[in-house]
Participant: 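The structure is given below, and queries will be raised subsequently.
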Amino acid sequence: MNFFGFGQTAEIDIVLNDAETRKKAEHNGEDGRKEKYFRFYDGETVSGKVNVTLKYPGKRLEHNGIKVEFVGQIELYYDRGNHHEFVSLVKDLARPGELTQSQTFDFEFTHVEKPYESYTGQNVKLRYFLKVTISRKLSDITKELDIVVHTLSTYPDLNSSIKMEVGIEDCLHIEFEYNKSKYHLKDVIVGKIYFLLVRIKIRHMEIDIIRRETTGTGPSVYNENDTIAKYEIMDGAPVRGESIPIRLFLASYELTPTMKDVNKKFSVRYFLNLVLIDEEDRRYFKQQEIILWRKGDIVKKSMSHQAIMAAQRFEGSSNPEKSHSQSAEDGKS
Amino acid sequence: MTDPVVADTRRLNSKPQDLTDAYGPPSNFLEIDVYDPQIVGVGRNRYTTYEVRMRTNLPIFKLKDSCVRRRYSDFEWLKNELERDSKIVVPPLPGKALKRQLPFRGDEGLFEEAFIEERRVGLEQFINRIAGHPLAQNERCLHMFLQEETIDRNYIPGKVRKNRYTCACSMYIYFYITLIQS
């Protein structure tokens, strides 16, 4: 049993080189608790130091090798034994031998590919972590450090609105419109519902955001639907010709980017569910998929150079220093 | 390509509403009253009938104002027909009160005023819930119950509008309906 080296003859501590400057991001654990982890993008280098501290300074620590791994893995909750590793890098820190005193080892995983975003869901978890292992005859001493990976996207070239006429013949006809089909995580859904025919007694109307997590393949596909948000957009009975506006700010909800077929293991998709409820609690609903994507943060001078490179790749906007000189030049002419 | 600092949240353009639509009578008027209980028959063959009056402007109903007399077993018949032929979850009827039909009761049994009133309220709630359901409105048994003087128990069950859920125009995509029991 290895509780992060505690109670063992040695303690391991992993410290990143850019721990002072690197931003942290909140991420939900399996139990629902939020914790902060260092945030990385695809292509960034992961480098740091491994401090091995001997608990009894006089006593030697014999070992069969010390190594550090960078792992990206998918874990399906119904199949906990099998971890699907899609990234696995190893660096040897020490050959088999013995440690006579506490020691620090440097490591660097250069320009590591991190193809997917970290995700902790209802039935599946995708995580990235560093793991140090001191191999020994009886039991290894290990220590893990979890990180969070965000995947960024640019503004899509094509982002058509969603506009559709829906109804029940001679009973209820509406036309709904959402201004885009692809929204970033801090975006606003602007839309409207236009009533063409109303022969039922509507009590109110709401928009729900639903997350559908799909795990498994072929015959054993499992869909888990979660209602992330319920937002009332109308209270009362509308008549023909009325237009109800929609303005739904996504930043206040816990959303992730849309993930399709990640490593052929799982998908996370988002749907807008337009729900009308009548006087007798009957619900009429129409579901529509939307694509969610993550926009890079605004570039700041304090960010590490690597993070600036990563963000610029996806922002397409120049860094602040450049634009300052630009405007100065414009002012002169 | 420059990223707007604040998103554009202005409303989408919409057509102005016709004033006759805005201030005219709504197209969803449907009211059914169950009232005027009358005891019919003599001795042990007595039963109670209720007046069922429907007022509506829904085009699916032939008569916009209809009045019929129905007894509890007629409501039971309607519930059974709907449960068999339609896909809806039919709401419950007020109780059958078999105990009240036994002899040697201290009170009036089935003809107790308070009991009749309680039953009347339950039947009114039941019929209003059913008649407003778009799928129930398709069923011939509902129309016969509400708008024909007598119920022909040998009728041929069927739908009133055969095209309600088929697609005449390819633009139409249909809603799903679920009935949530409260």
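Chain A is the first sequence line, chain B the second, and so forth, proteins listed ahead of strands; every chain is numbered from 1. This structure is a prediction, so every number in the text was calculated from the model and none was measured.
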Participant: Tell me whether Tyr23(B) at atom OH has more than 12 heavy atoms from other residues, nucleotides or ligands lying less than 6.0 Å away.
Facilitator: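 12 or below, so no.
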Participant: For Lys62(B), does the NZ atom have more than 12 heavy-atom neighbours from other residues, nucleotides or ligands under 6.0 Å away?
Facilitator: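 Result for NZ/Lys62(B): open.
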Participant: Decide side chain to side chain contact (heavy atoms under 4.5 Å, CB included) for Ile60(B) and Asp170(A); before the verdict, give the C-alpha distance in whole Å, the side-chain angles of both, and the deciding distance to 0.1 Å.
Facilitator: CA-CA 8 Å; Ile60(B) 196 163; Asp170(A) 287 338; over 6 Å; no
Participant: Just wondering, more than 12 heavy atoms not from Arg84(B) lying within 6.0 Å of its CZ?
Facilitator: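 Atom CZ in Arg84(B) is packed in, count exceeds 12.
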Participant: Over all heavy atoms of both residues, which pair between Leu12(B) and Lys192(A) is shortest? Give the atoms and the distance, please.
Facilitator: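 Taking every non-hydrogen atom into account, CD1-N, 4.0 Å.
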Participant: What's the separation between atom CD1 in Ile244(A) and atom OG in Ser14(B), rounded to the nearest 0.5 Å?
Facilitator: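 Taking CD1 in Ile244(A) and OG in Ser14(B), the distance rounds to 9.5 Å.
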Participant: Might you confirm whether atom CZ of Arg10(B) has over 12 heavy atoms from other residues, nucleotides or ligands at distances under 6.0 Å?
Facilitator: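 12 or below, so no.
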Participant: Just by distance, do the side chain of Lys201(A) and the backbone of Leu30(B) share a donor-acceptor pair under 3.5 Å?
Facilitator: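 Looks like yes, one N/O pair under 3.5 Å.
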Participant: Is there a side chain to side chain contact (heavy atoms under 4.5 Å, CB included) between His133(B) and Glu280(A)? Walk through the geometry before answering.
Facilitator: CA-CA 9 Å; His133(B) 198 306; Glu280(A) 301 291 351; over 6 Å; no
Participant: If you count the non-hydrogen atoms of other residues, nucleotides and ligands that lie under 6.0 Å from CZ in Arg11(B), is the total more than 12?
Facilitator: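 No, CZ of Arg11(B) has 12 or fewer neighbouring heavy atoms, counting only those of other groups under 6.0 Å.
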Participant: Testing the basics here: between Val239(A) and Pro26(B), what is the closest heavy-atom pair and its distance to 0.1 Å?
Facilitator: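 Here Val239(A) and Pro26(B) meet closest at CG1-CB, 4.3 Å.
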Participant: Quick one: closest heavy-atom pair of Asn28(B) and Arg199(A), and the distance?
Facilitator: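 Smallest interatomic distance, heavy atoms only, reads CB-C, 3.4 Å.
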Participant: Measure the spacing between OG1 of Thr9(B) and CG of Asp187(A) and express it to the nearest 0.5 Å.
Facilitator: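 The CG atom of Asp187(A) is 11.0 Å from OG1 of Thr9(B), to the nearest 0.5 Å.
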Participant: Supply the atom-to-atom distance Gln17(B) CD to Phe195(A) CZ, rounded to the nearest 0.5 angstrom.
Facilitator: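 Rounded to the nearest 0.5 Å, the CD-CZ separation comes out at 11.0 Å.
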Participant: What do the steps show when you test Asp8(B) against Val190(A) for side chain to side chain contact (heavy atoms under 4.5 Å, CB included), and what is the final call?
Facilitator: CA-CA 9 Å; Asp8(B) 188 355; Val190(A) 175; over 6 Å; no
Participant: Against chain A, label Asn57(B) side chain, backbone, both or neither, depending on which of its atoms sit under 4.5 Å from a heavy atom there.
Facilitator: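 Looking at Asn57(B), nothing touches chain A.
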Participant: Please flag which part of Glu177(A) lies under 4.5 Å from any non-hydrogen atom of chain B: side chain, backbone, both or neither.
Facilitator: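 Both backbone and side chain.
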Participant: Could you tell me which portion of Arg240(A) (side chain, backbone, both or neither) has an atom closer than 4.5 angstrom to a non-hydrogen atom of chain B?
Facilitator: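 Its backbone and side chain both get close to chain B.
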Participant: Counting only heavy atoms not in Asn13(B), do more than 12 sit closer than 6.0 Å to its CG atom?
Facilitator: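 Not buried by this count: 12 neighbours or fewer within 6.0 Å.
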